[in-house]
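Everything numeric here is computed off the predicted structure, so don't read it as measured data. Position 1 is the first residue of the sequence, and the numbers go up from there. Atoms considered below: every heavy atom in the structure, side chains included; atoms not considered: hydrogens, waters and symmetry mates.
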Amino acid sequence: MMKKVITLLPILFLVILIGCNSTDKNVDIYFGGKIINPKNNHVILYSMEKVIDTFFLDTTNKFIGKINKANEGLYYFSHGNENQHIYLEPGDSLMLRLNTWDFDESLVFAGKGAERNNILVDCFLETEKERNLFYEYNQLEPANFKLKVDSLIKTKLVTYNEYIKTHSFETFGFNEILKIALTYPIYSRIEKYPIIHAKITEENKLPKVDASFYDYRKKIKKDNDSLMYYPPYSRYIRNYLYNETFNLGHNPLESEYSSEFTLDLLNTINEKVSTESSKNAFLRQTVIGHFYNKSSCSINLEAFNTFFKLSTNEKDKKLITNLIDDSQSIVINEELPQFSITDYANSEHSISDVIKDQNTFLFFWSPEFVSESYIVSRFQYLSTTYPNIKFIEIKIDGDKNKRIQKLDIKNQFYLANNSAAHDFLTCKMPRSILVNKKGKVVNGYASISSTNLTPFLNDLNKN
């Protein structure tokens, strides 16, 4: 499973220089490397959701930075719309090399701390490869499925035991992360199996499993806030919560989550997740995710009221309050309210003039919530698929001088501070509004990532 050795002479030379010159090598961390085919001019390092530092690329697309008095633990770095987790310890001098055309597959580390991070990348890549394997496994009956996954887990534990045996210097903290990286993706797929199997067999109930099917749950702690942003852990907890909720009697064949399911899921989160931070995060993700998946202005007030009752995070409550108010400020089948937008030649336009007599898709976005690269890929697809719709991207906030380079500048605008559009964009989250040729709103709160958007686009494209 270990990644083959790759020669990184320039980076290794940099590591040696750092080792020779560092006076705080026991408490500080150096992090750097080289980005091939960079998407932008920087790399951002995070701990959980907090930005630790931003490192800018030089003229050779290399970067290097020092993290003073850093703590041991999980971090992640991002470049463009891609990211990857790393495990850092005081005294590390971790250098990376990657090609953005093949981000994860090309990623390799050198320097102090490299071995542990290379195996974490290997774990991630193995998990991705196993997707095809589980297409087959999910069709099996529960007993045969369990035999397959038990065998796979044994293989993962062999890898784990071999690594810690030959790397006795690794800390307890990293060993725990390695075991999670190896095994939790399998546990996550076990939790998802009943729902997927029911869809494959087209039965409106979950398959019956014996008492030992979920034995691994006895080893899992669901109250680790420090792992909340680590995908193998958070994905497992999420799948576990959804599985528990479906087991309350919900039909797994429904195409979207019902209001009753959302309500039960919120209560399941409250019951099963004990730590405040993780509980609040899952509650927020659920109400926002289910609202966006519906891709309409329809509000499940009972679920939102339950969120307000269960969450203790006042910032989250304010965000959700703004989201509800925003969704109710645009009325279906009525004319779009008037507001101004500004083009990148700094000319102001009335929205009614820009969309006059055209079927239009207005996408309001903020760099805080959505990446430019995702917008590019999504709108290149949408504009090709629906040629009778005009797609317009409108930046809510952020750098007003920076447009999206790979999309037509004629369809890009931003909101000046005095634009009336801010009145229905108070939460700053992405929002799509579909308007027909008559200027009437046909969908007031769509999501570009939801499959429920497709019928609206099909209808608008025909007319």
Side-chain angles (χ1 to χ4, degrees), residues 1-3 15 19 22 24-31 45-50 52 66-77 83-96 107-127 150 152-188 190 215-238 240 273-279 281:
M1 184 177 178
M2 293 297 293
K3 187 173 292 186
V15 172
S22 175
D24 298 319
K25 62 182 179 180
N26 292 323
V27 295
D28 299 330
I29 292 173
Y30 285 91
F31 176 58
L45 183 68
Y46 298 83
S47 174
M48 296 183 69
E49 61 179 342
K50 180 183 177 182
I52 299 300
K66 179 182 177 183
I67 311 160
N68 296 317
K69 298 179 180 179
N71 296 319
E72 175 187 345
L74 272 173
Y75 296 75
Y76 72 93
F77 69 89
N83 65 75
Q84 187 58 263
H85 278 76
I86 53 179
Y87 195 92
L88 297 176
E89 297 176 11
D92 279 354
S93 51
L94 186 67
M95 300 294 120
L96 64 82
L107 177 60
V108 64
F109 295 98
K112 191 172 185 302
E115 281 191 274
R116 80 174 87 95
N117 285 293
N118 280 328
I119 194 173
L120 288 182
V121 173
D122 287 343
C123 291
F124 173 81
L125 295 175
E126 286 294 314
T127 298
D150 283 351
L152 193 54
I153 290 169
K154 286 180 182 178
T155 302
K156 301 288 186 180
L157 291 176
V158 167
T159 300
Y160 171 76
N161 289 323
E162 287 179 349
Y163 185 87
I164 62 172
K165 183 179 179 180
T166 56
H167 298 76
S168 57
F169 53 84
E170 295 288 12
T171 65
F172 174 81
F174 174 72
N175 289 342
E176 287 294 295
I177 291 299
L178 177 58
K179 183 175 282 189
I180 289 171
L182 285 164
T183 59
Y184 275 47
I186 309 301
Y187 299 152
S188 182
I190 298 174
D215 273 353
Y216 59 86
R217 286 180 178 177
K218 300 171 186 175
K219 311 171 190 175
I220 290 177
K221 297 178 181 179
K222 298 183 290 295
D223 55 0
N224 196 329
D225 285 344
S226 65
L227 294 176
M228 179 62 205
Y229 296 91
Y230 188 46
Y233 175 83
S234 61
R235 192 175 294 119
Y236 166 76
I237 299 297
R238 186 177 298 108
Y240 161 77
V273 182
S274 58
T275 59
E276 186 176 34
S277 179
S278 292
K279 180 183 294 187

Is there side-chain contact between [X] and [Y], with at least one heavy-atom pair below 4.5 Å?
| X | Y | value |
| --- | --- | --- |
| Gln84 | Phe77 | yes |
| Leu94 | Lys112 | no |
| Ile237 | Leu227 | no |
| Glu115 | Phe109 | no |
| Phe174 | His167 | no |
| Glu89 | Glu170 | yes |

What's the separation between atom [atom1] in [X] and atom [atom2] in [Y], rounded to the nearest 0.5 Å?
| X | Y | atom1 | atom2 | answer |
| --- | --- | --- | --- | --- |
| Met95 | Tyr30 | CE | OH | 9.5 Å |
| Glu72 | Phe172 | CD | CZ | 11.0 Å |
| Thr127 | Asp122 | OG1 | CG | 10.5 Å |
| Tyr230 | Met48 | OH | CE | 14.5 Å |
| Asp92 | Ile86 | CG | CD1 | 9.0 Å |

Got a list of side-chain donor-acceptor pairs under 3.5 Å for residues 178-186, not counting sequence neighbours?
unit_1, atom_1, unit_2, atom_2, d
Thr183, OG1, Lys179, O, 2.6

Crowding at CZ, Phe169 (>12 non-hydrogen neighbours, <6.0 Å): yes

With side chain to side chain contact (heavy atoms under 4.5 Å, CB included) as the test, would you mind laying out the steps for Tyr75 and Phe31 before giving the verdict? CA-CA 11 Å; Tyr75 296 75; Phe31 176 58; over 6 Å; no

Ser274: what forms a side-chain hydrogen bond (donor to acceptor under 3.5 Å, both in side chains) with it, not counting sequence neighbours? none

Residues which pass side-chain hydrogen bond (donor to acceptor under 3.5 Å, both in side chains) with Ser188, listed by chain and number, not counting sequence neighbours: Asn239

For Lys218, all residues meeting salt bridge (Lys or Arg N to Asp or Glu O under 4.0 Å), sequence neighbours excluded: Asp215

Set of salt bridge (Lys or Arg N to Asp or Glu O under 4.0 Å) partners for Asp225, sequence neighbours left out: none

Does the Asn117 side chain pair with the main chain of Tyr87, one donor and one acceptor, at a distance under 3.5 Å? yes

Could you check whether any side-chain N or O of Tyr236 sits under 3.5 Å from a backbone N or O of Ile220, counting only pairs where one atom can act as donor and the other as acceptor? no

What is the ring orientation for His85 with Tyr76, classed by angle as parallel under 30°, tilted 30 to 60°, or perpendicular over 60°? tilted

Residues in ring-ring contact (aromatic ring centres under 6.0 Å, His included) contact with Tyr160, at least two apart in sequence or another chain: none

